[in-house]
J.: 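Sharing a structure below in structure tokens format, with a few things to ask.
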Amino acid sequence: MTSRAGIRGLVVAAVAALVTSAGAAAVLLQPPDPLRKITGTNDSAPGLAWSIDAAAMFGQQFAEFRSPIHSTSINLGGPGFIDTGDTLITVVGVSTDESIELRDAVMYGIDAATGETRWHAPAAELGGCAAVPLDGQLVCFTDPLSRSAALVGYDITDGAVTRTPVDWNIFALAVNDGRLFVAEGDVESDDVRVHSGVLPDPDSHWSRPFEVGTSWEDMPSDALDVTHGQGLIALGADLAGFDLDTGTPTWTAQLDGCSRITITEPALVERIHTQCNGYQITGTDILDRTGRVLAATTHSAAHSLSVDDPADGSIPILLADKAFDRRDGTVRWTNPDLLYTGPANDGGTTQRGTAVAILGEVAVLHDPSSDTWSGLDLRTGETLWRNVNDRSGTVSSHDDSPAILSDSTGLWALDVRTGQTLWDIPFRAVNPDRDALAGNTALTPTGNGRFVLASARTMLGLRPFD
């Protein structure tokens, strides 16, 4: 069984000391009022409500925003925040090229309407946090290098910290439907347990053992999923489903070679079978909540979705150029626009999937070989619109009908039913500093046409004028 000392040799040493809760308040680059119109945008575009600079609010030059979902010891996560309603929770720490540590990490609660700091608290030596709060607290866990393993709760209102000591080697946790789920154990010995409970008593509902595992170096960031109608543990080649109410194991399956999975509603797992030699896809299948193969294809094309948000269970799931019923696996329709021919890893060509987002009843497609974007009605398979546009962005989120796309130059909104661009916001019009919004960004709609965008250096709020 791997000891904590053994784990310590597999990852970078954690930050040694906790930061104190004292620190500077957020420095707003844009006052909370009045709402500022962004230069060059049309009347439909949201305005800039507020903007925060990480270095200014933290008081250190190389301070950056990080998502609390990831470790605060190792600087491997990207920018981001957790939307808890009135409060946005983010981590700020110091990042440098000389080290992969995230130094002096602090958790911040930021007012979603004004960008002002509501609270801040120490956040060093965290292994990660749940994506949603539980009973008014953001629940996190200490990383494997911590000398005192614990679950850590941050009150979303005032940042008050509570600790629940545990004798567990936690590697993942999640929250769903008012319940906490914790995965822990020695993954290198296939000695894993999942517990369900609440923060003060994390195994009060149930505890179950699972014979699944992987190496610590290959530990995935999404080893535990509880948000798609079932529980799922995915470690290395091992997959295990379980009932969320009782923890009872429901099925097991394996991944061969360099295969990977995606998870979708309702309780479906998509296995993309991939050879390690040349990373060639040999087919895809869908496993239902019993582990049965619901649908399958031997096609080399797979779709890579940045957003997967079907309207309901009657919306089919896409495999290659076909749409399969999520309930019984029957083929609903076929459309060749779901495929394009692109370069293969071996220097030849191969067919690839064009779907980049599922938004309600519409799939957004992108064919980079012809610079074509299109919208597909998922109920009928009919193409709704087609545009030629060499701008290659990522669908980051959607708020009702519009899809919000982003690239290195800015954001734009797309009506998914018509293909019309509703508004376009260049980043340089928001902040003339070319590095302020550079690199990876996280964009989240917060309701009523409002959005929050976070890059490593800058976080900003956008809202409509009416």
Side-chain angles (χ1 to χ4, degrees), residues 225 227-230 261-272 281 283-290 292-340 351-370 372-389 393-405 412-422 445 447 449:
D225 182 86
T227 59
H228 293 87
Q230 68 174 341
I261 65 167
T262 61
I263 308 168
T264 188
E265 300 282 358
L268 300 177
V269 176
E270 179 181 3
R271 287 190 303 186
I272 303 170
I281 295 173
T284 305
D285 59 18
I286 303 295
L287 305 179
D288 68 10
R289 66 173 63 247
T290 68
R292 179 179 65 93
V293 175
L294 180 71
T297 177
T298 57
H299 206 287
S300 63
H303 302 283
S304 181
L305 304 176
S306 60
V307 178
D308 182 19
D309 188 16
D312 53 50
S314 68
I315 297 297
I317 190 168
L318 303 178
L319 298 184
D321 60 348
K322 293 180 174 58
F324 292 84
D325 194 294
R326 294 174 186 260
R327 298 160 295 189
D328 60 19
T330 57
V331 176
R332 296 267 295 274
W333 46 262
T334 300
N335 190 315
D337 287 348
L338 287 168
L339 303 175
Y340 77 95
Q351 287 194 305
R352 301 183 181 275
T354 59
V356 295
I358 304 297
L359 307 176
E361 300 181 351
V362 177
V364 178
L365 314 183
H366 180 223
D367 179 354
S369 68
S370 61
T372 301
W373 291 81
S374 56
L376 199 63
D377 188 311
L378 286 166
R379 298 198 183 276
T380 66
E382 297 179 356
T383 300
L384 299 171
W385 52 269
R386 182 178 288 106
N387 297 331
V388 176
N389 188 337
T394 300
V395 181
S396 300
S397 67
H398 74 111
D399 186 22
D400 297 325
S401 172
I404 311 302
L405 292 87
W412 67 103
L414 187 72
D415 188 310
V416 298
R417 302 295 307 186
T418 68
Q420 177 186 3
T421 298
L422 302 176

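Both backbone and side-chain heavy atoms feed into the values below; hydrogens, waters and symmetry mates do not. None of these values were measured; they are calculated from a predicted model.
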J.: Is any side-chain heavy atom of Arg327 closer than 4.5 Å to one of Pro266?
T.: no
J.: Nearest 0.5 angstrom please: Leu294 CG to Thr330 OG1, how far?
T.: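 Separation between the atoms: 8.5 Å.
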J.: Is any side-chain heavy atom of Asp321 closer than 4.5 Å to one of Pro336?
T.: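 No. Closest side-chain heavy atoms not under 4.5 Å.
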J.: Return the CG to CH2 distance between Asp325 and Trp333, rounded to the nearest 0.5 Å.
T.: 12.0 Å
J.: Closest approach of Val416 and Trp385, non-hydrogen atoms and distance?
T.: O-NE1, 2.8 Å
J.: For Thr264, which residues count as a side chain to side chain contact (heavy atoms under 4.5 Å, CB included) partner, sequence neighbours excluded?
T.: Leu268, Asp308, Ile317, Arg326
J.: Thinking salt bridges, do Arg332 and Asp377 make one under a 4.0 Å N-O criterion?
T.: no
J.: For a 4.5 angstrom cut-off between non-hydrogen side-chain atoms, does Arg271 reach Ile261?
T.: yes
J.: Atom CG of Leu359 and atom CZ of Arg417: how far apart are they, to the nearest 0.5 Å?
T.: 11.0 Å
J.: Can you tell if the side chain of Pro368 reaches within under 4.5 Å of the side chain of Tyr340, non-hydrogen atoms only?
T.: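 Yes, their side chains come closer than 4.5 Å.
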J.: Which heavy atom of Leu318 sits nearest a heavy atom of Glu270, and at what distance?
T.: O-OE2, 4.4 Å
J.: Rounded to the nearest 0.5 Å, what separation is found between the OG1 atom of Thr380 and the CD atom of Glu382?
T.: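 These two atoms lie 4.0 Å from each other.
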J.: Is any side-chain heavy atom of Val293 closer than 4.5 Å to one of Leu287?
T.: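 A side-chain contact exists here, since the closest heavy-atom pair is under 4.5 Å.
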J.: Within a strict 4.5 Å, meaning less than it, do heavy atoms of the Ile286 and Leu319 side chains meet?
T.: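 Ile286 vs Leu319: side chains touch.
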J.: Less than 4.5 Å apart, any side-chain heavy atom of Arg386 and any of Asp337?
T.: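 In short, these two side chains touch, coming nearer than 4.5 Å.
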